[in-house]
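Here's the structure, in structure tokens; my notes come after.
The model shown is predicted, which means the values in this text are computed figures rather than measured ones.
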Amino acid sequence: MCLPTGDTPGPVYRRLVRMAGSGATSLGRATVILLDEYVGLPPADPARCDTRLDRELISGLHRSPSVHRIRVDDLDPVAAAAAHDLVAAAGIDLAVVGLGMNGHVGFNEPGSGVEAPTRVVTLTPGSRQVATARYGASAEPLSGITLGMDRLLASREIWLLVRGATKAAILKRALEGPQSAECPASWLRRHPRLTVLADEPAAAGLG
Ligand code: GLP
């Protein structure tokens, strides 16, 4: 499965940790592939996606899944993206993704087409700011690596997690607006097994 970071999945990860602790579930036999990562942040930076996933989910699990992080520390960014894509090429059963304020999925920022591949991307000013202001990054990252729309749409199933009133307008656009690169999340509607898991404030604007 592909897993996202950001603020949205926190409650889901906390619940999973509790369930794993009580024996109600286990991720011990799962293989996890990270959705995206910043380029240029030092290892263990609090905003790093791998650090967050470890902190919020993996470290709390009794039996750890096998985790494919993005190799930004030991490979150059283009090679790290290629290596990650090779992992994704084996196929993803379940892609869990969040929704960016500008409609991004992973770091498939606006402008990403339906076949956008796994790659190094230049982050939008908004995404750069979120890294420092909301996630506590030690510096503003200029770029990131993301699984491509192509790999996400080739998954057997997709769950889109959306939380909070600030996401209501972009969720409406993603689900009810035109399918276009201006809102990459709108491409998710092409998938036959898309489940949108939104809380009430996020879903408030849906028709
Ligand atoms: C971030 C990440 C995405 C995340 C999305 C939403 O920048 N690149 O993986 O899903 O934007 O983040 P949040 O849940 O914090 O709103």
(request) Take V130 and M101 through the test side chain to side chain contact (heavy atoms under 4.5 Å, CB included) and record every step on the way to the result. (result) CA-CA 10 Å; V130 164; M101 289 298 292; 5.7 Å; no
Got [X] and [Y] here, is their nearest side-chain heavy-atom distance under 4.5 Å?
| X | Y | result |
| --- | --- | --- |
| E115 | M149 | no |
| T51 | P46 | no |
| L142 | R128 | yes |
| C49 | Y38 | yes |
| R69 | D54 | yes |
| V12 | V96 | no |

(request) Carefully, step by step, assess L27 and M1 under the rule side chain to side chain contact (heavy atoms under 4.5 Å, CB included). (result) CA-CA 10 Å; L27 291 184; M1 65 175 85; 4.0 Å; yes
Out of curiosity, does [Y] fall in the hydrophobic cluster containing [X] (side-chain heavy atoms, cut-off under 4.5 Å, transitive links)?
| X | Y | answer |
| --- | --- | --- |
| V121 | V72 | no |
| V105 | L171 | yes |
| L35 | W187 | yes |
| L34 | Y13 | yes |
| L99 | L175 | yes |

Closest approach of [X] to [Y] (non-hydrogen atoms, all atoms of both residues):
| X | Y | result |
| --- | --- | --- |
| A47 | A131 | CB-O, 3.9 Å |
| P184 | N108 | CG-O, 3.3 Å |
| A30 | P65 | O-CB, 3.3 Å |
| I33 | A88 | CD1-N, 3.7 Å |
| A202 | A198 | CB-CB, 4.3 Å |
| S26 | G28 | OG-N, 2.9 Å |

Measure the spacing between [atom1] of [X] and [atom2] of [Y] and express it to the nearest 0.5 Å.
| X | Y | atom1 | atom2 | value |
| --- | --- | --- | --- | --- |
| T5 | E56 | OG1 | CD | 7.5 Å |
| L123 | H104 | CG | NE2 | 8.5 Å |
| L147 | H84 | CG | NE2 | 4.5 Å |
| D36 | L3 | CG | CG | 11.0 Å |
| S138 | L41 | OG | CG | 5.5 Å |
| I92 | I158 | CD1 | CD1 | 9.0 Å |

Donor-acceptor contact present, side-chain [X] to main-chain [Y], <3.5 Å:
| X | Y | answer |
| --- | --- | --- |
| S186 | S180 | yes |
| E109 | T124 | yes |
| K172 | G205 | yes |
| H191 | L152 | no |
| T118 | G148 | yes |
| R173 | N102 | no |

(request) Determine whether more than 12 heavy atoms belonging to other residues, nucleotides or ligands lie under 6.0 Å from atom CD of E176. (result)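 It does: E176 CD has more than 12 such atoms within range.
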(message) Surrounding CZ of R156 (heavy atoms of other residues, nucleotides or ligands, distance under 6.0 Å), is the total greater than 12?
(response)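 Not more than 12 within 6.0 Å, no.
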(request) Start with the C-alpha gap between V17 and L57, add the side-chain angles, then the distance that decides, and say whether side chain to side chain contact (heavy atoms under 4.5 Å, CB included) holds. (result) CA-CA 6 Å; V17 166; L57 179 66; 4.1 Å; yes
So that I can tick it off, tell me whether [Y] and [X] are bridged by a salt bridge, with the cut-off set at under 4.0 angstrom between side-chain N and carboxylate O.
| X | Y | answer |
| --- | --- | --- |
| D199 | R163 | no |
| D45 | R48 | no |
| D50 | R71 | no |

(request) Before giving the answer on side chain to side chain donor-acceptor pair (under 3.5 Å), spell out for S112 and R119 the whole-Å C-alpha distance, their side-chain angles and the decisive distance to 0.1 Å. (result) CA-CA 11 Å; S112 300; R119 66 206 186 284; 2.9 Å; yes
(request) Could you go through the side chain to side chain contact (heavy atoms under 4.5 Å, CB included) check for E140 and T132 one step at a time? (result) CA-CA 6 Å; E140 216 172 78; T132 46; 4.0 Å; yes
